Protein chains: 2
Amino acid sequence: MNLIEIKKKLIKHGINPSISRIKIYESLDKNRIHPTVDKIYNELHGELITLSKTTVYNTLKTFVNHNLVKVVNLGEGELRYDIMQDDHFHFRCKTCDDVYDFNAKEIDIESSNLTGFKIEEVNIYINGQCPKCIKK
Amino acid sequence: MNLIEIKKKLIKHGINPSISRIKIYESLDKNRIHPTVDKIYNELHGELITLSKTTVYNTLKTFVNHNLVKVVNLGEGELRYDIMQDDHFHFRCKTCDDVYDFNAKEIDIESSNLTGFKIEEVNIYINGQCPKCIKK
DNA sequence: GTCTCTGCAAATCGTTTGCAATGCT
DNA sequence: AGCATTGCAAACGATTTGCAGAGAC
């Protein structure tokens, strides 16, 4: 997604497309590594020298409020941020700490005994080792 | 589980059964509400007047290290603690904040496209509304 | 007496907030 | 000017750590 497209996307979601916001969105869109605030900040503050972490936090919160981005809490310290996409779940490698996406379609939660419960959100995350780290 | 049984269980897991530890374990065992540190502390410090939150933290960490208890992070602030039991997942009601257990046997994670990945731990948690709160 | 357990207070760390400075139209 | 955006510094809240005092054997 190029800068013009991002700009349009932000406007469509009611967000004023400032340079920081465009760049932060671009960073999330370009490398889908479920970055933490720190990673985003470190990636961008060479280019946007005045960028502060507060702005990264503010911007991500704006994105979340406008349903552009989802917060992912893998329970290991910092929050991670994820561009909104279809139902998927996360696999986190305990060795390299990378997070992979997996399609959640196949997983049949409904077959469970949840009668009477209203499911709003299903979160699945798996810990383990990724193929790269297994090879080593 | 009565106090004698808890004492034995702690000893069997290599934990010196102090009063605080027995009481904290009893609290976890008695009300399986996936309590936070705060809830445990509030439940017990009437009875154990000198109890401190540090001790609750220390004790829970000891339990976790000795595989008596599992940390559950539902991504909403505090950690929750759960007596070790068979594979199960959590349903958290967004209205009353109660957490329910569900058996995870039925959920067939393996059928997914995770070839090459070594699965060590599968975490599933669902947000929604419980039957009680739906009725209201 | 030694060694563990406990609890206060301070430190830590990610995140949030208050507010003043800056930027945009 | 008037309003939104940004960024520093302080606040926050859950958890951890350092360490000294209490307790057990």
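Worth saying up front: this structure is predicted, and the values here are computed from it rather than measured. Numbers restart at 1 for each chain; the letters A, B, ... are given by sequence-line order, proteins then strands.
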Point to revise | Test log, rule ring pair (Phe, Tyr, Trp, His ring centres under 6.0 Å), inputs B/Phe89 and B/Tyr125 | key: CA-CA 6 Å; B/Phe89 64 85; B/Tyr125 88 91; over 10 Å; no
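The stretch residues 33-57 of chain B touches DNA chain C through B/Thr50, B/Leu51, B/Ser52, B/Thr54, B/Thr55, each having a heavy atom under 4.0 angstrom from the strand. Against DNA chain D, the stretch residues 60-71 of chain B makes heavy-atom approaches under 4.0 Å through B/Lys61.
Here B/Asn123 contributes atom CG and A/Asn123 contributes atom CG; the two are 10.5 Å apart, rounded to the nearest 0.5 Å. Distance check: B/His90 NE2 to B/Ile124 CD1 gives 11.0 Å after rounding to the nearest 0.5 Å.
For the pair B/Arg21/B/Ile6, no side-chain contact is recorded, criterion being any heavy-atom separation below 4.5 Å from C-beta on. Taking 4.5 Å as the limit, some side-chain heavy atom of A/Leu28 sits within range of a side-chain heavy atom of A/Pro35. Put simply, the side chain of B/Val99 does not reach to within 4.5 Å of the side chain of B/Ile33, judged on heavy atoms.
Remark on DNA chain D: of its neighbouring residues B/Glu78 and B/Asn58, the 5'-side contact belongs to B/Glu78, judged by nearest-heavy-atom nucleotide.
Side-chain atoms of A/Ser52 and A/Thr55 form a donor-acceptor pair, as typed in the model, at a separation below 3.5 Å. One side chain, A/His34 or A/Asp101, offers a donor N or O that lies under 3.5 Å from an acceptor on the other.
For DNA chain D, the span of nucleotides reached by chain B at under 4.0 Å from its heavy atoms goes, 5' to 3', from D/dA14 to D/dT17.
Atom pair A/Arg80:CZ and C/dG14:P shows a separation of 13 Å (rounding to whole Å applied).
Shortest non-hydrogen contact noted between B/Ser27 and B/Glu43 is OG-OE1, 2.7 Å.
Fit an axis to the five pairs at each end of the helix from C/dG1-D/dC25 to C/dT25-D/dA1 and the two axes sit 0° apart, to the nearest 10 degrees.
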Using atom names, set out every protein N or O paired with an N or O of nucleotides 2-5 of chain C below 3.5 Å, distance rounded to 0.1 Å.
{"residue": "C/dC5", "atom": "OP1", "partner": "B/Asn16", "partner atom": "ND2", "Å": "3.4"}
{"residue": "C/dC5", "atom": "OP1", "partner": "B/Arg21", "partner atom": "NH1", "Å": "2.6"}

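With sequence neighbours excluded, the residues forming a side chain to side chain donor-acceptor pair (under 3.5 Å) with A/Asn127 are A/Arg92, B/Glu121, listed by chain and number.
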